[in-house]
Protein chains: 2
Amino acid sequence: MIKYSPFEGLTSGETAEIRSCLCPIEKIYGKGDIIMQFSDKDRNLGLVDSGTAYLIRIDIDGNRSIIDYYESGDVFGKMLAPESEIDAYYILAKEKCRISFFNYDKLLSKCKNNCIKHTVLLNNLLMLTLKKAQMHIDILSQRTTRQKLITYFDYQRNKNLSDTFTLPLSLSDLSDYLSIDRSAMMREIRNLKEDNLISADGNRFTLKNSRYTYADC
Amino acid sequence: MIKYSPFEGLTSGETAEIRSCLCPIEKIYGKGDIIMQFSDKDRNLGLVDSGTAYLIRIDIDGNRSIIDYYESGDVFGKMLAPESEIDAYYILAKEKCRISFFNYDKLLSKCKNNCIKHTVLLNNLLMLTLKKAQMHIDILSQRTTRQKLITYFDYQRNKNLSDTFTLPLSLSDLSDYLSIDRSAMMREIRNLKEDNLISADGNRFTLKNSRYTYADC
DNA sequence: AATTACCTGTTGCATTTGCAACAAAAATAA
DNA sequence: TTATTTTTGTTGCAAATGCAACAGGTAATT
């Protein structure tokens, strides 16, 4: 499985060069802070240095969904976000976060050195965001709660290269990300345990069906 | 609402230049033909000149889902497609299609003229695919059949700039794209009619709730 | 240390959704 | 044309899911 990152295909020297060329601004956010609101004025792109954050959608009826989540190395911004005239989207700090903000007018323009590295970076950002979106579609398009859970767990297994892994989300938030009722999800997790397909201790899970292992990748 | 297209931001002259530079190969497919299978050998990117095609997923249990669909101007290819070791993905011609294939090694490499247009094209392709994926997530993350339908119809209204529009999918295929049971979907469409929120004749629909119109965009 | 807020886990019950099956209509092929 | 396949539309029933409410545990805050 290919791991996509913003600086994929760039050496650490080039990465440093881009960083100094684009001179990002670092900010710290506390739990529950709103990091970005996607107003027209906001010409920044956020790179998560540490902590976790959510992309939240509030729809016309006030329902809250977790559309995406960001861990260290993930990136967000208006350019990469869904647009809507109806729903509100914002980035929420789930825990204390350190974020580097890049001005993306600088990112989009050619720099003095006429280097194509900006473009490589831009492509990486788009590809990274696309792959996460495709993963989410893969999960959401599963027909049952059970299949949504198993598909999500399978991605976690591949990401962690281990049958045992700790969820990056609380169970409560996971149900939001999977777009299912929390109590129904808890019920199905119990069923999966009873069917001996998983075991779990808190939010540390082990996938027991070994038909397809991360080693197959 | 911004309309994304592969050649967005390029003049018709530049578009022609790219086409001649990349010299795409045109092919015609009949209804039901498999256009692309995402094998490693396939280094092509397909642009739909006419007709419609689907991105199909067949999961481990044999279930078929429509993950994406392509109309004139849309683009597909291994680079833009989900990857999976478990599920099979392929592009299926829904009706007679004319497709232009671009070699994307050529696309990714700099051309002799050192033009950045290839890169613009690449960014457009990624952005186009991302926006479609985000739309799909927006729809699939709706909790009820009713909300999935209304959200989908709303996108169609915006795309067509009219409260009345013809679906680009058959109702049968729409249920696959929305990941819901067809009969349940038919039942909910009937309910929507009875609640006077929509009217429909065949697969020509009119959205009657005018809280938010395309004019607001 | 005490208080508060949040998260986990559970249950009964109502509602929604999926499943299976069928008939009619429409589109496609022979 | 006629035959065949696909799509639409419907229904009864079973199963899955959502809703509301609550209790206990854990983490965060004062």
Side-chain angles (χ1 to χ4, degrees), chain A residues 29-33 51-52 54 56 59 61-66 69 92-96 139-150 166-195 198-205, chain B residues 30-33 51-52 54 56 61-66 92-96 140-150 166-195 198-205:
Chain A
Y29 293 87
K31 177 181 175 176
D33 288 352
T52 53
Y54 292 157
I56 303 286
D59 74 16
D61 301 317
N63 302 308
R64 173 184 174 280
S65 297
I66 295 177
Y69 61 89
L92 180 75
K94 178 59 181 173
E95 49 185 30
K96 189 183 173 189
I139 293 163
L140 293 175
S141 63
Q142 301 297 321
R143 301 302 176 98
T144 63
T145 297
R146 169 169 290 220
Q147 277 307 312
K148 286 187 175 81
L149 280 168
I150 287 181
T166 301
L167 298 188
L169 300 169
S170 69
L171 291 173
S172 174
D173 289 338
L174 178 59
S175 73
D176 254 354
Y177 178 74
L178 302 182
S179 279
I180 52 184
D181 178 72
R182 189 186 62 83
S183 71
M185 189 189 81
M186 297 302 288
R187 186 162 41 207
E188 194 56 35
I189 286 176
R190 184 161 18 102
N191 293 341
L192 284 167
K193 285 182 193 169
E194 282 166 6
D195 293 349
I198 63 167
S199 62
D201 174 32
N203 65 347
R204 189 157 180 82
F205 283 78
Chain B
K31 177 182 175 176
D33 288 352
T52 52
Y54 292 157
I56 304 285
D61 301 316
N63 301 309
R64 173 184 174 279
S65 296
I66 295 177
L92 180 76
K94 178 59 181 172
E95 49 186 30
K96 190 183 171 189
L140 293 175
S141 63
Q142 301 295 322
R143 301 301 177 99
T144 63
T145 297
R146 170 170 289 221
Q147 278 307 312
K148 286 188 175 79
L149 279 168
I150 288 181
T166 302
L167 298 188
L169 301 170
S170 69
L171 292 174
S172 175
D173 290 338
L174 178 59
S175 72
D176 254 355
Y177 178 74
L178 303 182
S179 279
I180 52 184
D181 178 73
R182 189 186 62 83
S183 70
M185 188 189 82
M186 296 303 288
R187 186 163 38 208
E188 194 56 36
I189 287 175
R190 187 169 5 112
N191 293 342
L192 284 167
K193 284 181 192 168
E194 282 167 6
D195 293 349
I198 63 168
S199 62
D201 175 31
N203 64 347
R204 188 158 182 82
F205 283 79

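Heavy-atom basis, side chains included; hydrogens, waters and symmetry copies ignored.
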Asks: Could you give the start and end, 5' to 3', of the contact zone on DNA chain C for chain A, using atoms under 4.0 Å from its heavy atoms?
Replies: dC7(C) to dG12(C)

Asks: How long is the line joining CD1 of I189(A) and P of dT17(D), in whole Å?
Replies: 13 Å

Asks: In this structure, how many angstroms lie between the C1' atom of dC19(D) and the CG atom of N63(A), rounded?
Replies: 13 Å

Asks: Can you list the steps and then say if L171(A) with R182(A) is a side chain to side chain contact (heavy atoms under 4.5 Å, CB included)?
Replies: CA-CA 8 Å; L171(A) 291 173; R182(A) 189 186 62 83; 6.0 Å; no

Asks: With axes from five pairs an end, tell me the bend angle of the helix from dA1(C)-dT30(D) to dA30(C)-dT1(D), nearest 10°.
Replies: 60°

Asks: At under 4.0 Å between heavy atoms, what does T144(B) touch on the DNA or RNA strands: base, sugar-phosphate, or nothing?
Replies: sugar-phosphate

Asks: Using a strict cut-off of less than 4.0 Å between a Lys/Arg side-chain nitrogen and an Asp/Glu carboxylate oxygen, indicate whether R143(B) and D59(A) qualify as a salt bridge.
Replies: no

Asks: Does T145(A) put a side-chain nitrogen or oxygen below 4.0 Å from OP1 or OP2 of dT17(D)?
Replies: yes

Asks: Are L167(B) and F205(B) packed together at the side-chain level, in the sense that at least one heavy-atom pair is separated by less than 4.5 angstrom?
Replies: yes

Asks: Whole-Å distance between dA16(D) C1' and L192(A) CG?
Replies: 14 Å

Asks: Checking side chain to side chain contact (heavy atoms under 4.5 Å, CB included) between I198(A) and each of I150(A), L192(A), L149(A), which is the one that passes?
Replies: L192(A)

Asks: To the nearest 0.5 Å, what is the distance between CD on Q147(B) and CG on L178(B)?
Replies: 12.5 Å

Asks: Between P on dA15(D) and CZ on R146(A), what's the gap in Å once rounded to a whole number?
Replies: 15 Å

Asks: Please tabulate the protein-to-nucleotide N/O contacts below 3.5 Å involving nucleotides 4-8 of chain D, giving atom names and distances.
Replies:
{"from": "dT7(D)", "atom 1": "OP1", "to": "K94(B)", "atom 2": "NZ", "distance (Å)": "3.1"}
{"from": "dT8(D)", "atom 1": "OP1", "to": "L171(B)", "atom 2": "N", "distance (Å)": "3.1"}
{"from": "dT8(D)", "atom 1": "OP2", "to": "L171(B)", "atom 2": "N", "distance (Å)": "3.2"}
{"from": "dT8(D)", "atom 1": "OP2", "to": "S172(B)", "atom 2": "N", "distance (Å)": "2.7"}

Asks: Is L140(A) close to S179(B) at the side-chain level, that is, under 4.5 Å between some pair of heavy atoms?
Replies: no

Asks: How many Å lie between CD1 on I180(B) and C1' on dA16(D), as a whole number?
Replies: 15 Å

Asks: Can you find a pair of side-chain heavy atoms, one from Y54(A) and one from D176(A), that are under 4.5 Å apart?
Replies: no

Asks: Is the backbone of S183(B) close enough, under 3.5 Å, to the side chain of D181(B) for a donor and an acceptor to pair up by distance?
Replies: yes

Asks: Between CD of E194(A) and CD of E188(A), what distance do you get to the nearest 0.5 Å?
Replies: 10.0 Å

Asks: Are I56(A) and I66(A) side-chain neighbours, meaning at least one heavy-atom pair lies under 4.5 Å?
Replies: yes

Asks: Here's a test of your reading of the structure: between R190(A) and R143(A), which maps to the more 5' nucleotide of DNA chain C?
Replies: R190(A)

Asks: For the pair made of CD in Q142(B) and P in dG18(D), what is the distance, rounded to whole Å?
Replies: 13 Å

Asks: Which atom names give the shortest non-hydrogen contact between S141(B) and S65(A), and what distance separates them?
Replies: O-OG, 4.5 Å

